[in-house]
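Below is one structure, written out as structure tokens; comments come after it.
Lettering of chains follows the sequences in order, A, B, ..., and the numbering in each one begins at 1.
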2 protein chains.
Amino acid sequence: MESSHRNLTQQVVHELGKKILQGNYKIGERLPSEADLCQQFNISRTATREAVKMLTAKGLISSRPRQGITVVESKHWNLFDVDVLNWILLGKPDLYLLRHFLQLRLALEAEAAYLAALYASDDDLIAIASALARMKNATNGMDDTHEADIAYHQSVLSASNNPFFIQLKNFITTALKVNLRFTNRMIAVTVAEYQAHVDIYEHIKNKKPQAAFDAAMVTQRATLAIVNEQIAALEQEKQHKV
Amino acid sequence: MESSHRNLTQQVVHELGKKILQGNYKIGERLPSEADLCQQFNISRTATREAVKMLTAKGLISSRPRQGITVVESKHWNLFDVDVLNWILLGKPDLYLLRHFLQLRLALEAEAAYLAALYASDDDLIAIASALARMKNATNGMDDTHEADIAYHQSVLSASNNPFFIQLKNFITTALKVNLRFTNRMIAVTVAEYQAHVDIYEHIKNKKPQAAFDAAMVTQRATLAIVNEQIAALEQEKQHKV
DNA sequence: TGAACTCATTTATCATACAATTAAGTAGAT
DNA sequence: ATCTACTTAATTGTATGATAAATGAGTTCA
């Protein structure tokens, strides 16, 4: 068990969270009662209840006397919670999830670039530059592409100096992980992306918000277009099977 | 006490959450120990611990043996949690918070309009249209402006058919509440806004994503510009005082 | 100096008991 | 029959007390 270092409550939170996000319990359905959960996990009511409370706090379930523990509507789920996001990833992410992630990333990252051009401090600029340096090394195999990519995107979000954008760094990082599962990128692709990011950085440094926004938007719409094509191809394939 | 209908645990969650978000405990600082909290609220350890766990699940605090209960860095806070957002509002929202909200709304709502133009179902379109009808009534005083406004924004987000955008309906609603505190809108303004929303709706209905995006973007940048001016004026005023 | 040990503090977990809530069933009146 | 009021049982909510585990800080000893 990979989670043996965590305490009991957190392990149960993890197990139940995974099951809920993977659809083992349908919406509105009852989970096992506290007593049953105690038996299943062989733990005390204290630990069980604390786990239930944590999942409640994340908006996944609701517990009431006599009614038991039920899965609430998915619109109440805190999809931007790090744990919830990771539980989603433990399932089998499909192209539709990838598209949803990209759609939100597009919206966020373009405006983050815009705001960075307006509000980035000197330190923020240095952070972006050093992330870009790592990306360049990565194209030569001297650094990890994925790590460098994450560092770059996080540095731009930080430079927006908006706490809400900053909080979404978790989300973006997770979205990039999903990306990684679908795109086995060639070095060539990475170089092109690197150049695009350099351009955005220049706009940010030169305090040209609209230019930074547009550049980021173009890059992301292109990525999204590729995924949309893949989905279209997939759906056509399904049609043929039927 | 307005929260007397809630159970004990949730009341404590609310009280502590408020205090943390209002800055009564600094980041890294220790909250009272479990034992102290039991005394302060005059409740059992069970209730106290469950409250602590819920706040932990929302990313506000961390509790470890010997170290106690500490406020974690704000970058870990789940700012998109409904409760956390409301605790923020219980403070005294300033123009900077309003700006942060608007910056994110701008990013989200423009792209939501784009996606709505691509993916809105017939029902989605009907929902937007009926929200617009409510807004029109509101300009005649026949419906509540604020409620109608919320309904409109929510209907566009729903029409994006992206679960992440849909989850952010809570956020947008809260952001609109903050808006309300600062802008005592004239009817005239509302009429102008109404027309802008009608235009966006037409673009969505006609499946013109880019047009919908641009229209939404223009409206929001204008709103943001006003707030930026107010902030600039405020900062200049402060300069004079010094 | 520093490594090993002890100790005290605080959270983590367990066990048990009772209270509160509420869905569902039951009895009684009309 | 059916509506109301009552009873019951299932489930979570809260309280209490005891013990375990983690860990920072001090203490001893080589």
Side-chain angles (χ1 to χ4, degrees), chain A residues 1-17 19-20 25-73 76 83, chain B residues 1-17 19-20 25-73 76 83:
Chain A
M1 185 73 65
E2 39 103 351
S3 56
S4 52
H5 64 285
R6 282 187 284 215
N7 59 30
L8 271 182
T9 301
Q10 284 169 348
Q11 283 180 46
V12 176
V13 169
H14 190 73
E15 293 301 320
L16 290 179
K19 283 192 181 178
I20 294 170
Y25 303 108
K26 292 172 194 165
I27 288 169
E29 192 179 332
R30 287 175 67 151
L31 269 68
S33 69
E34 280 182 3
D36 291 342
L37 290 174
C38 291
Q39 280 202 348
Q40 285 183 28
F41 290 102
N42 195 30
I43 55 176
S44 70
R45 258 192 89 193
T46 309
T48 303
R49 282 185 57 79
E50 287 176 4
V52 167
K53 287 298 167 191
M54 291 188 82
L55 292 171
T56 303
K58 290 177 187 300
L60 299 181
I61 58 179
S62 138
S63 72
R64 284 166 37 187
R66 171 81 212 202
Q67 184 167 335
I69 305 164
T70 57
V71 180
V72 302
E73 291 176 77
H76 294 121
D83 295 324
Chain B
M1 184 74 65
E2 41 101 353
S3 57
S4 53
H5 64 285
R6 282 186 284 213
N7 59 31
L8 271 183
T9 301
Q10 284 168 348
Q11 283 179 45
V12 176
V13 168
H14 191 72
E15 293 301 320
L16 289 178
K19 281 192 180 178
I20 293 170
Y25 303 109
K26 293 173 193 165
I27 288 169
E29 192 179 332
R30 289 174 67 152
L31 270 68
S33 69
E34 280 183 7
D36 291 342
L37 289 174
C38 292
Q39 280 202 348
Q40 285 183 29
F41 290 101
N42 195 30
I43 56 176
S44 70
R45 264 194 82 196
T46 309
T48 303
R49 282 185 58 79
E50 286 176 5
V52 166
K53 288 296 169 191
M54 291 189 81
L55 292 171
T56 303
K58 291 180 187 300
L60 299 182
I61 59 179
S62 142
S63 71
R64 285 168 34 188
R66 172 80 214 204
Q67 187 167 332
I69 304 162
T70 57
V71 180
V72 302
E73 292 175 76
H76 294 120
D83 295 323

Taken to the nearest whole Å, CD/A:Gln67 to P/D:dT11 is 12 Å
Send over the distance from A:Glu34 CD to D:dT12 C1', rounded to a whole Å. 5 Å
How about B:Ile20 and B:Ile61: do any of their side-chain heavy atoms sit closer than 4.5 Å? yes
Name of the residue among A:Asp83, A:Leu16, A:Val71 meeting side chain to side chain contact (heavy atoms under 4.5 Å, CB included) with A:Leu55: A:Leu16
Give the rounded distance in Å between these two atoms: CG of B:Leu31 and P of C:dT10. 14 Å
Does a side-chain N or O from B:Arg49 land closer than 4.0 Å to OP1 or OP2 of C:dT11, or not? no
Please work out if A:Thr46 contacts a base, only the sugar-phosphate, or nothing of the nucleic acid, heavy-atom cut-off 4.0 Å. base
Quick one: B:Leu55 CG to C:dT11 P, roughly how many Å, whole number? 14 Å
Closer than 4.0 Å, any side-chain N/O of B:Thr9 to the OP1 or OP2 of D:dT14? yes
If you define the side chain from C-beta out and look only at heavy atoms, does anything of A:Met54 sit under 4.5 Å from B:Met54? no
Would you say a side-chain N or O of B:Ser44 is under 4.0 Å from OP1 or OP2 of D:dA15? yes
OP1 or OP2 of C:dC14 less than 4.0 angstrom from a side-chain nitrogen or oxygen of A:Arg45, does that happen here? no
Rounded distance (Å) that lies between atom C1' of C:dA12 and atom CZ of A:Arg6: 16 Å
Within less than 4.0 Å of OP1 or OP2 of D:dT8, is there a side-chain N or O belonging to A:Arg66? no
Between C:dT11 and B:Lys53, is there an OP1 or OP2 to side-chain N/O distance shorter than 4.0 Å? no
Could you tell me if the side chain of A:Ile69 sits less than 4.5 Å from the side chain of A:Leu37, heavy atoms only? yes
Whole angstroms only, please: what is the CD-P distance between A:Glu50 and D:dA15? 14 Å
According to a strict under-4.0 Å criterion, is B:Ser63 in side-chain N/O contact with OP1 or OP2 of C:dA12? yes
Once you round it to whole Å, what is the distance between P of D:dG13 and CE of B:Met54? 10 Å
Which nucleotide in the set C:dA12, D:dT12, D:dA15 lies at the smallest distance from any side-chain heavy atom of A:Asn7? C:dA12
First locate atom CZ of A:Arg45, then atom OG1 of B:Thr46, and finally report the distance between them rounded to the nearest 0.5 Å. 9.0 Å
Whole-Å gap separating P (D:dA20) and CD1 (A:Ile43): 19 Å
